[in-house]
Amino acid sequence: SNHRKFIVASHLRPSKGIQDLIAAVDLLNAELIGDLRIDIFGEGPMELELKKLVQEKKLEKQIRFCGSSPDLPDVFKNYSYLLQPTYMECFSLSILESLSANVPVITTPVGGNLEVITNGENGFIFETGNIQELSKIISDILQHKKAITTPVYPLIENKYYLEKMVKDHLSLLND
């Protein structure tokens, strides 16, 4: 039921690449985007500009701005993929939250993203700024040509649980 629902959880600034996502959706075949829904959770200095871009491209039915939400970790489970077209990232908590909700991630190979996302296994990686490649990934998912069908939450349970992260952090301080 979530097959055509995507989530973005991001600060709305140029380096997060939401403008690329809008351009990528605009490239999709009109028949594909009928009931596509992308909910963008977040606020930031680019919010009005991004909303205007969505209006200019006539994508209001597909792309919705939802503001901030304190319930975001619980909201992830209502979506099929997290979209994160970022140009810069240190280590994304949104990716970890998404995976822990068993929601695969579509993102770029920046920062710590490749430490967590394995292309084709728990998400899809596309080159930063490559709007055509992002559009193709979304198109393939909508047409059932591409999918992540295995559970993606075990990585979080096995590698990013609190006790392990605290232990690893303390070991860094002791070295």
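Since we're looking at a predicted model, the values are computed, not measured.
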Could you tell me the separation between the [atom1] atom of [X] and the [atom2] atom of [Y], rounded to the nearest 0.5 Å?
| X | Y | atom1 | atom2 | result |
| --- | --- | --- | --- | --- |
| Ile141 | Leu83 | CD1 | CG | 7.5 Å |
| Glu43 | Ser69 | CD | OG | 10.5 Å |
| Asp35 | Arg4 | CG | CZ | 4.0 Å |
| Ile95 | Glu115 | CD1 | CD | 10.5 Å |
| Ser80 | Lys5 | OG | NZ | 9.0 Å |
| Ile18 | Glu47 | CD1 | CD | 11.5 Å |

Identified side chain to side chain donor-acceptor pair (under 3.5 Å) partner of Thr107 from the options Thr86, Asn119, Asn113: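 Single pass found, and it is Asn113.
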
Verdict with supporting geometry, Phe6 and Ile106, side chain to side chain contact (heavy atoms under 4.5 Å, CB included): CA-CA 10 Å; Phe6 297 78; Ile106 301 167; 4.1 Å; yes

If hydrophobic clusters are built from ILVMFWY residues whose side chains come within less than 4.5 Å, do [X] and [Y] share one?
| X | Y | answer |
| --- | --- | --- |
| Leu27 | Ile38 | no |
| Ile148 | Ile137 | yes |
| Leu155 | Phe91 | yes |
| Ile131 | Val8 | no |

I'd like to check [X] versus [Y] (side-chain heavy atoms, cut-off strictly below 4.5 Å). Are they in contact?
| X | Y | value |
| --- | --- | --- |
| Asn130 | Gln132 | yes |
| Asp20 | Tyr87 | yes |
| Tyr81 | Val105 | no |
| Glu127 | Pro109 | yes |
| Gln62 | Ile33 | yes |
| Leu50 | Leu12 | yes |
| Leu134 | Pro85 | yes |
| Met46 | Pro14 | yes |

Cation-pi, Phe124 ring and Lys146 (6.0 angstrom, 45 degrees):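 Because its charged atom sits under 6.0 Å from the ring centre and within 45° of the axis, Lys146 does stack over Phe124.
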
What closest approach, in Å, do [X] and [Y] show between heavy atoms, and which atom pair accounts for it?
| X | Y | value |
| --- | --- | --- |
| Ala9 | Leu82 | N-CD1, 3.8 Å |
| Ala24 | Ser135 | O-OG, 3.0 Å |
| Asn122 | Val116 | ND2-O, 2.8 Å |

Check against side chain to side chain donor-acceptor pair (under 3.5 Å), Gln84 and Ser92: CA-CA 10 Å; Gln84 194 181 58; Ser92 173; 3.0 Å; yes

CD/Glu56: more than 12 non-hydrogen atoms of other groups inside 6.0 Å: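 Yes, CD of Glu56 has more than 12 neighbouring heavy atoms, counting only those of other groups under 6.0 Å.
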
Side chain to side chain contact (heavy atoms under 4.5 Å, CB included) between Leu21 and Val25, intermediate numbers included: CA-CA 6 Å; Leu21 172 59; Val25 171; 4.1 Å; yes

With distance as the sole test, does [X] use its side chain to make a donor-acceptor pair with the main-chain N or O of [Y] at under 3.5 Å?
| X | Y | result |
| --- | --- | --- |
| Asn78 | Val75 | yes |
| Thr108 | Phe126 | no |
| Tyr153 | Ser98 | no |

Salt-bridge present (Glu163, Lys167; N to O < 4.0 Å):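 The answer is no: the pair does not qualify as a salt bridge.
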
Salt bridge flag under 4.0 Å for residues Asp39 and Arg37: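 Answer for the salt bridge query: yes.
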
Derivation and outcome, side chain to side chain contact (heavy atoms under 4.5 Å, CB included), residues Lys57 and Lys52: CA-CA 9 Å; Lys57 305 274 187 194; Lys52 183 178 176 186; over 6 Å; no

Identified side chain to side chain contact (heavy atoms under 4.5 Å, CB included) counterpart of Leu53 within the set Ile63, Asp26, Ile22, Leu48: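 Passing option: Ile22.
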
Any residue meeting side chain to side chain donor-acceptor pair (under 3.5 Å) with Ser139, in chain and number order, not counting sequence neighbours: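 Applying side chain to side chain donor-acceptor pair (under 3.5 Å) to Ser139 gives Gln143.
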
Ring geometry between Tyr79 and Phe41 (parallel below 30°, tilted from 30 to 60°, perpendicular above 60°):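 Perpendicular.
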
